[in-house]
Amino acid sequence: NQPAGFQGTLIQVPVVEAGGAVRAGRFGIKNQHSSLVSFSGDAYLNEMGITNPFDGSNGVSENNSLGRSVAAFDPVEDPEDEGEDVEAFAQFIRQLRAPGRGPITAAVNNGQNLFTAIGCAVCHTASFNTVPPGTAINQGAFIVPAALGNKNIRPFGDFLLHDIGTGDGIVQNGGAGTRNMVRTAPLWGLRMRPELMHDGLSLTLNDAIQRHAGVGGTIARNNFNGLTAAQRADVIAFLNSL
């Protein structure tokens, strides 16, 4: 239901723990993962160098060093983790609570109304309802428990890919069109982030807003810039309440 210019791109990516069956990508800067286990397995390999059954190669392939083998420096038999640690890590992430909101003032409420009116909320979608408990997701690899089912979450993000002019040139499963797309950053917990945007190169909220380009990003940015100074301050107050 997103209007022309704002429509996000949905890509299908493998659920590693479901034998590579695909599901909508929703984790990672490029939506390159569709489940927390897949995301965690990838992080274990590429952030910590720990091979595991969920790392995309079934734990049998080490990373190299710019094409050079690291076998001489890593004699540990693969997979280095049998998967239990990765699954525990994913379970820990799954149970983290989103940060609560800051004080809600008249300026914050007005700022949220303006945020919606100028088009920001098209991509930074305010809320979703999660599926009922007992629902099988991740191609049957995960059953939604009562603690996560039928919940209203307020991420202020649509979990879709958009080209807002800050892309990294990396092509994902969706094909060449994803080269300059990034996932809409959920804004919950925004006030606790010292660095903004997917690359951390924006240090103020205004800087982050001004970097929005592409069709939808330009429209929302220009609408923001067209507000009065007091209205822009209210939008910033709203963002600082997240």
Side-chain angles (χ1 to χ4, degrees), residues 1-2 7-63 77-99 123-162 170-178 181-186 188-189 198:
N1 293 325
Q2 292 173 321
Q7 289 179 343
T9 295
L10 183 71
I11 63 173
Q12 301 290 327
V13 297
V15 182
V16 179
E17 66 271 29
V22 299
R23 187 198 177 194
R26 57 204 176 111
F27 297 113
I29 295 299
K30 304 282 287 192
N31 276 352
Q32 64 267 39
H33 292 293
S34 55
S35 78
L36 285 176
V37 172
S38 299
F39 178 88
S40 300
D42 178 81
Y44 262 63
L45 177 65
N46 292 305
E47 305 295 336
M48 296 184 287
I50 300 174
T51 54
N52 64 88
F54 308 115
D55 63 11
S57 70
N58 202 32
V60 298
S61 178
E62 291 278 3
N63 281 338
E77 183 179 355
D78 296 311
E80 292 153 334
D81 174 64
E82 296 293 338
E84 293 89 348
D85 203 52
V86 171
E87 293 195 77
F89 182 64
Q91 182 75 344
F92 168 72
I93 298 173
R94 192 177 287 124
Q95 297 185 66
L96 290 175
R97 179 183 180 275
C123 302
H124 291 288
T125 308
S127 66
F128 291 95
N129 290 318
T130 64
V131 296
T135 302
I137 64 171
N138 298 344
Q139 295 292 3
F142 183 71
I143 306 300
V144 176
L148 299 177
N150 283 340
K151 305 296 181 185
N152 180 257
I153 62 171
R154 302 183 63 80
F156 291 93
D158 61 5
F159 300 96
L160 298 175
L161 296 177
H162 295 266
I170 297 173
V171 175
Q172 284 300 328
N173 298 53
T178 64
M181 293 180 178
V182 293
R183 184 186 71 156
T184 302
W188 49 10
H198 72 278

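Note that this is a predicted model, so its numbers are computed, not measured.
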Exercise. Less than 4.5 Å apart, any side-chain heavy atom of Gln95 and any of Ile93?
Worked result: no
Seminar exercise, completed: Closest non-hydrogen atoms of Ser61 and Leu45, given as atom of the first, atom of the second and distance, are O-CD1, 4.2 Å
Exercise. Side chains of Asp78 and Thr51: donor-acceptor distance under 3.5 Å anywhere?
Worked result: yes
Exercise. Looking at side-chain heavy atoms only, is the closest gap between Phe142 and Val37 below 4.5 Å?
Worked result: no
Exercise. Does the side chain of Gln2 come under 3.5 Å of the side chain of Asp158 through a donor N or O and an acceptor N or O?
Worked result: yes
Exercise. Do Arg26 and Phe39 meet the cation-pi criteria used here (NZ or CZ under 6.0 Å from the six-membered ring centre, within 45° of the axis)?
Worked result: no
For this session: Scan side-chain atoms only and decide if Ser38 and Glu17 contain a donor-acceptor pair under the 3.5 Å cut-off.
Result: yes
For this session: Tell me, with the steps shown, if Arg23 and Ser35 meet side-chain contact (heavy atoms from CB on, under 4.5 Å).
Result: CA-CA 9 Å; Arg23 187 198 177 194; Ser35 78; 5.7 Å; no
Problem set entry | Phe159 versus Asn31, closest heavy-atom pair with distance | O-ND2, 3.0 Å
Exercise. Do you know the tightest heavy-atom contact between Asn138 and Ala18?
Worked result: O-CB, 3.6 Å
Exercise. Pick one: which of Val16, Asp81, Asp42 meets side chain to side chain contact (heavy atoms under 4.5 Å, CB included) with Val86?
Worked result: Asp81
Exercise. Does Gln32 offer a backbone N or O that forms a donor-acceptor pair with the side chain of Gln172 under 3.5 Å?
Worked result: no
For this session: Please name the pair of heavy atoms, one in Gln139 and one in Ala21, separated by the smallest distance, quoted to 0.1 Å.
Result: CG-CB, 3.6 Å
Exercise. So does Phe128 have more than 12 non-hydrogen atoms from other groups sitting under 6.0 Å from CZ?
Worked result: yes
For this session: Give, for atom CZ of Phe27 and atom OG of Ser34, the distance between the pair rounded to the nearest 0.5 Å.
Result: 8.5 Å
Problem set entry | Results of side-chain contact (heavy atoms from CB on, under 4.5 Å) for Ala126 - residues two or more places apart only | Arg154, Phe156
Problem set entry | Approximate separation, where rounding is to 0.5 Å, of Gln91 CD and Leu96 CG | 10.5 Å
Exercise. How long is the span from the CD atom in Glu80 to the CD atom in Glu62, to the nearest 0.5 Å?
Worked result: 4.5 Å
For this session: I would like to know whether Ile137 and Val144 meet side-chain contact (heavy atoms from CB on, under 4.5 Å); could you show each step before the answer?
Result: CA-CA 7 Å; Ile137 64 171; Val144 176; 4.0 Å; yes
Problem set entry | Straight-line distance of Asn52 CG to Asp55 CG, nearest 0.5 Å | 4.5 Å
For this session: Compute whether any side-chain donor of one residue and acceptor of the other, for Asn129 and Asn150, lie under 3.5 angstrom apart.
Result: no
Exercise. Can you name the nearest heavy-atom pair linking Leu148 to Arg94, along with the distance?
Worked result: CD1-CG, 3.5 Å
For this session: Taking all non-hydrogen atoms of both residues into account, name the closest pair between Lys30 and Ile11 and its distance.
Result: O-CD1, 3.7 Å
Exercise. Once you round to the nearest 0.5 Å, how far does CZ of Arg97 lie from CH2 of Trp188?
Worked result: 10.5 Å
Exercise. To the nearest 0.5 Å, what is the distance between CD (Gln7) and CG (Leu161)?
Worked result: 14.0 Å
For this session: Could you go through the side-chain contact (heavy atoms from CB on, under 4.5 Å) check for Ile153 and Thr130 one step at a time?
Result: CA-CA 7 Å; Ile153 62 171; Thr130 64; 4.1 Å; yes
